[in-house]
J.: 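So that we are looking at the same thing, I have put the structure below in structure tokens.
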Amino acid sequence: VYRIPFFYVEDVVSLKQKLQGRGIRFFAAHLQGKNSYDRESYEDGTAFLIGNEGNGLSDEISAKADDLIRIPMCGQVESLNAAISASLLMYETGRQRRH
């Protein structure tokens, strides 16, 4: 929280419009994601859209993402805790940027 910039916003559409000109790419963690989260590059400006555990992201917000990514889950797991999802994505971003 003290070293990683993050924002909580109500209106993703206006946020994306503000950041689009800065080269920020939006990824939505989504069950319909084409690629696994570890197959994308986060070395440039990156924003993650993460929904809650029960409902995920709305269709409207998901549609605003540049790419849908998925976090593979084993067995009968239906979803991950939002904090766990965010942690995985931030860790992967940090891992890629260290190289």
Side-chain angles (χ1 to χ4, degrees):
V1 167
Y2 301 111
R3 294 187 176 99
I4 298 174
F6 71 95
F7 300 95
Y8 176 84
V9 297
E10 295 286 334
D11 183 14
V12 173
V13 175
S14 63
L15 176 66
K16 184 171 184 193
Q17 290 171 344
K18 289 178 186 176
L19 297 179
Q20 214 164 14
R22 296 183 179 183
I24 306 294
R25 193 165 166 207
F26 280 68
F27 294 90
H30 199 282
L31 292 173
Q32 302 303 315
K34 180 179 79 172
N35 289 330
S36 176
Y37 76 98
D38 58 349
R39 304 231 177 213
E40 295 287 348
S41 174
Y42 311 120
E43 293 180 11
D44 296 324
T46 302
F48 293 111
L49 305 173
I50 300 168
N52 67 36
E53 296 88 4
N55 300 318
L57 293 168
S58 71
D59 292 339
E60 178 186 11
I61 291 175
S62 297
K64 300 301 177 193
D66 297 306
D67 288 294
L68 302 180
I69 54 174
R70 61 182 161 72
I71 300 172
M73 297 175 282
C74 296
Q76 301 295 321
V77 176
E78 294 177 4
S79 67
L80 294 175
N81 174 280
I84 297 297
S85 297
S87 298
L88 284 168
L89 297 171
M90 288 186 290
Y91 183 84
E92 178 63 16
T93 301
R95 186 191 70 75
Q96 289 182 16
R97 291 177 181 183
R98 281 192 300 273
H99 292 99

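Note that the numbering runs from 1 along the sequence shown for the chain.
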J.: Return the minimal non-hydrogen interatomic distance between Leu57 and Gly51, and the atom names on each side.
T.: CD2-N, 3.4 Å
J.: As an exercise, state the distance from OG of Ser87 to CD of Glu92, rounded to the nearest 0.5 Å.
T.: 13.0 Å
J.: Taking Tyr37 for the side chain and Ser85 for the main chain, is one N or O donor matched with an acceptor at less than 3.5 Å?
T.: no
J.: Please determine whether residues Ile69 and Leu19 belong to a single hydrophobic cluster, defined as Ile, Leu, Val, Met, Phe, Trp and Tyr linked transitively by side-chain heavy-atom distances below 4.5 Å.
T.: no
J.: Could you go through the side-chain contact (heavy atoms from CB on, under 4.5 Å) check for Met73 and Leu31 one step at a time?
T.: CA-CA 10 Å; Met73 297 175 282; Leu31 292 173; 3.7 Å; yes
J.: Can you name the nearest heavy-atom pair linking Leu68 to Ser62, along with the distance?
T.: CD2-O, 3.8 Å
J.: Are any of the side-chain heavy atoms of Arg97 and Thr46 separated by less than 4.5 Å?
T.: yes
J.: Does the side-chain contact (heavy atoms from CB on, under 4.5 Å) test come out yes or no for Asp67 and Asn35, once each step is laid out?
T.: CA-CA 9 Å; Asp67 288 294; Asn35 289 330; over 6 Å; no
J.: Do Leu80 and Ile71 touch side chain to side chain, with heavy atoms closer than 4.5 Å?
T.: yes
J.: Starting from Ile24, can I reach Leu15 by hopping between I/L/V/M/F/W/Y residues whose side chains sit under 4.5 Å apart?
T.: yes
J.: As an exercise, state the distance from CD of Gln17 to NZ of Lys64, rounded to the nearest 0.5 Å.
T.: 8.0 Å
J.: If we only count heavy atoms from C-beta on, is the Leu89 to Glu40 side-chain gap below 4.5 Å?
T.: no
J.: Return the minimal non-hydrogen interatomic distance between Glu43 and Gln96, and the atom names on each side.
T.: OE2-O, 3.7 Å
J.: Give me the atom names and distance for the closest heavy-atom approach of Ala82 to Glu53.
T.: N-OE2, 2.7 Å
J.: Taking Ile61's backbone N and O only, do any of them form a donor-acceptor pair with Ser58's side chain (distance below 3.5 Å, no angle check)?
T.: yes
J.: Any chain of hydrophobic side-chain contacts (each under 4.5 Å) joining Ile84 to Val77?
T.: yes
J.: Do the rings of Phe27 and Phe48 sit parallel, tilted or perpendicular, given the 30° and 60° boundaries?
T.: tilted
J.: Looking at Asp11, I'd like to know if its CG atom is crowded, meaning that more than 12 non-hydrogen atoms belonging to other residues, nucleotides or ligands lie closer than 6.0 Å.
T.: yes
J.: Between Arg25 and Asp44, does at least one N-O distance fall below 4.0 Å, as a salt bridge requires?
T.: no
J.: Ion pair present between Lys16 and Asp66, side-chain N to carboxylate O less than 4.0 angstrom?
T.: yes
